[in-house]
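What's counted below: heavy atoms across the whole structure, side chains too, no hydrogens, waters or symmetry copies.
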Amino acid sequence: MTGFDVAIASIQQGAMAGPALAGDAPDQFSREWVRLAETVFEPDQMVDDAIEMLGAVMPVALLDHGMAFYGSDLGQHIVAIENETHMEDGDAKQAAGEKLITRLIEENSPRMDVFRAMSKAIGSVDVAIRSIVEIQVRYLMAASAAGASDLDLDETDLRAMLMSQQDEMRRNIEVNGMVANAYAYRTLSDQELIDYLSALQDPEMKQVYEVLNAVQYEIMADRYEKLASRLAGLAPETEL
């Protein structure tokens with residue numbers, strides 16, 4: 001009903017850029033990497049894990065609140081849009097979204113303010129930064145433990161180094177969020193967009209997204225950590 005299953009399944013697509021977490025080209029391991037990522041980030045298993053986590057931590061009242069909106073006509077329309085967007089080519093989405101943002105800025109469109117408010121409503125940038133750093137730390141430490149990385153930092157120093165880049169990360173998250181929203185919701189009318197924002201700003205819906213975001217980040221961190229632990233078994237063209 002919410003499309004969260006599609007969002008979780010689409011994590012596999014992003015996993016193809018996994019080596020970039022260590023500063024390397026995503027095609028470094030070529031087909032070996034693809035096969036490993038497909039196995040570790042198996043969509044059905046990730047969705048099963050997400051359901052189990054949600055069942056353990058999502059209060060029934062929040063579940064009912066989320067279902068009430070996403071079961072509505074507008075909610076189902078938005079889910080259809082988001083599901084389609086999740087599975088589209090990332091580079092194509094980025095390019096199209098950037099063009100839309102440029103046009104909206106030139107037109108001084110109020111949709112820009114709505115997009116900013118939407119991003120704020122569904123998740124704190126500070127939480128996103130901490131989660132991304134956690135994913136990177138777990139990936140790199142696992143790669144080091146597996147002998148697939150020459151990382152010369154302990155976990156504390158690595159975390160501090162990554163957090164020192166948080167200003168740049170914040171800018172990237174904010175810009176990418178605007179671009180993603182401009183593309184995903186390009187077919188919504190201004191009123192539909194405002195109605196969606198209103199739903200997202202409801203205190204209970206904010207709590208729903210806190211849970212959804214936490215589950216999604218944990219699944220990503222767990223899978224990247226597992227993937228990194230198996231890197232030593234691959235045959236990279238160059239070392240990490």
> Quick one: are Asp48 and Gln45 in side-chain contact, heavy atoms under 4.5 Å?
Replying inline: yes
> Rounded to the nearest 0.5 Å, how far does CD1 of Ile101 lie from CZ of Arg111?
Replying inline: 10.0 Å
> With the 4.5 Å side-chain cut-off for hydrophobic clustering, are Val79 and Val6 part of the same group?
Replying inline: no
> Are Arg130 and Glu134 within salt-bridge range, i.e. N to O under 4.0 Å?
Replying inline: no
> Within a radius of less than 6.0 Å around CG of Asp73, do more than 12 heavy atoms belonging to other residues, nucleotides or ligands occur?
Replying inline: no
>> In the structure I gave you, are the side-chain heavy atoms of Val211 and Gln207 within less than 4.5 Å of one another anywhere?
In response: no
> So which heavy atom on Met46 is nearest to which on Ile8, and how close?
Replying inline: CE-O, 3.4 Å
> Do Tyr185 and Glu82 have side-chain atoms, one donor and one acceptor, less than 3.5 Å apart?
Replying inline: yes
> Can you tell if the side chain of Arg186 reaches within under 4.5 Å of the side chain of Ile81, non-hydrogen atoms only?
Replying inline: no
>> Quick one, Thr2 with Phe69, criterion side chain to side chain contact (heavy atoms under 4.5 Å, CB included). Give me CA distance, side-chain angles, the key distance, then yes/no.
In response: CA-CA 9 Å; Thr2 66; Phe69 171 73; over 6 Å; no
> Can you find a heavy atom in the side chain of Glu38 that is under 4.5 Å from one in the side chain of Glu42?
Replying inline: no
> Do Ile132 and Ile173 have side chains that get closer than 4.5 Å, going by heavy atoms?
Replying inline: yes
> With hydrophobic residues grouped by side-chain heavy-atom distances under 4.5 Å, do Leu100 and Leu197 end up in a single group?
Replying inline: no
>> With rounding to the nearest 0.5 angstrom, report the OG to CD distance, Ser198 to Gln191.
In response: 9.5 Å
>> Return the CD1 to CD distance between Ile129 and Gln165, rounded to the nearest 0.5 Å.
In response: 11.0 Å
> Counting distance only, does the side-chain N/O of Ser131 pair as donor-acceptor with the main-chain N or O of Val127 below 3.5 Å?
Replying inline: yes
> For atom CE of Met67, is the number of surrounding heavy atoms from other residues, nucleotides or ligands below 6.0 Å larger than 12?
Replying inline: no
> Is the closest basic N to carboxylate O distance between Glu218 and Arg138 below 4.0 Å?
Replying inline: yes
> So, the side chain of Ser144 versus the backbone of Leu140: is there a donor-acceptor pair under 3.5 Å, distance only?
Replying inline: no
> Does any non-hydrogen side-chain atom of Met53 lie less than 4.5 Å from one of Ile219?
Replying inline: yes
>> With a 3.5 Å distance limit and no angle check, can you tell me whether Asn181 reaches the backbone of Met118 through a side-chain donor-acceptor pair?
In response: no
>> Test your reading of the model: is there a side-chain donor-acceptor pair from Asp157 to the backbone of Leu153, 3.5 Å cut-off?
In response: no
>> A side-chain contact here means heavy atoms from C-beta on lying under 4.5 Å apart; do Met58 and Val215 qualify?
In response: no
> Is the backbone of Met169 close enough, under 3.5 Å, to the side chain of Gln166 for a donor and an acceptor to pair up by distance?
Replying inline: no
>> Evaluate Leu231 against Tyr139 for side chain to side chain contact (heavy atoms under 4.5 Å, CB included), listing each step before the verdict.
In response: CA-CA 10 Å; Leu231 291 181; Tyr139 174 89; 3.7 Å; yes
> Are the charged groups of Asp89 and Lys93 less than 4.0 angstrom apart, N to O?
Replying inline: no
>> Quick check: closest heavy atoms across Ala228 and Ala142, and the distance to 0.1 Å?
In response: CB-CB, 3.7 Å
>> Given 3.5 Å as the limit, does a donor-acceptor pair link the side chain of Glu107 with the main chain of Ser109, or not?
In response: no
> Above 12 or not: heavy atoms from other molecules or residues under 6.0 Å from CG of Asp64?
Replying inline: yes
>> Return the CG to NE2 distance between Asp5 and His86, rounded to the nearest 0.5 Å.
In response: 9.5 Å
> Could you walk me through whether Lys206 and Leu200 pass the side chain to side chain contact (heavy atoms under 4.5 Å, CB included) check?
Replying inline: CA-CA 6 Å; Lys206 287 185 177 183; Leu200 294 176; over 6 Å; no
>> Under 4.0 Å between a side-chain nitrogen and a carboxylate oxygen: does that hold for Arg223 and Asp49?
In response: yes
> If we ignore angles and hydrogens, is there a donor and acceptor under 3.5 Å between the side chains of Tyr183 and Glu88?
Replying inline: yes
>> Whether Arg116 and Glu174 form a salt bridge (side-chain N of Lys/Arg under 4.0 Å from carboxylate O of Asp/Glu) is what I want to check.
In response: no
> Between the main-chain N or O of Met1 and the side-chain N or O of Gln76, is there a donor-acceptor pair closer than 3.5 Å?
Replying inline: yes
> Which heavy-atom pair separates Thr85 from Ala184 by the least distance, and what is that distance?
Replying inline: OG1-CA, 3.9 Å
> So how far is it from Ile78 CD1 to Leu188 CG, rounded to the nearest 0.5 Å?
Replying inline: 5.5 Å
>> With rounding to the nearest 0.5 angstrom, report the CZ to CG distance, Phe41 to Leu36.
In response: 8.5 Å
>> Would you say that Leu151 contacts Met141 through its side chain, given a criterion of any heavy-atom pair below 4.5 Å between the two side chains?
In response: yes
> Where do Ala128 and Tyr217 come nearest, in terms of heavy atoms and distance?
Replying inline: CB-OH, 3.4 Å
> So, does Gln201 use its side chain to make a donor-acceptor pair with the main chain of Ala121 at under 3.5 Å?
Replying inline: no
> After noting the C-alpha distance and the side-chain angles of Asp195 and Glu192, does the key distance pass the side chain to side chain contact (heavy atoms under 4.5 Å, CB included) rule?
Replying inline: CA-CA 5 Å; Asp195 290 343; Glu192 286 176 323; 5.5 Å; no
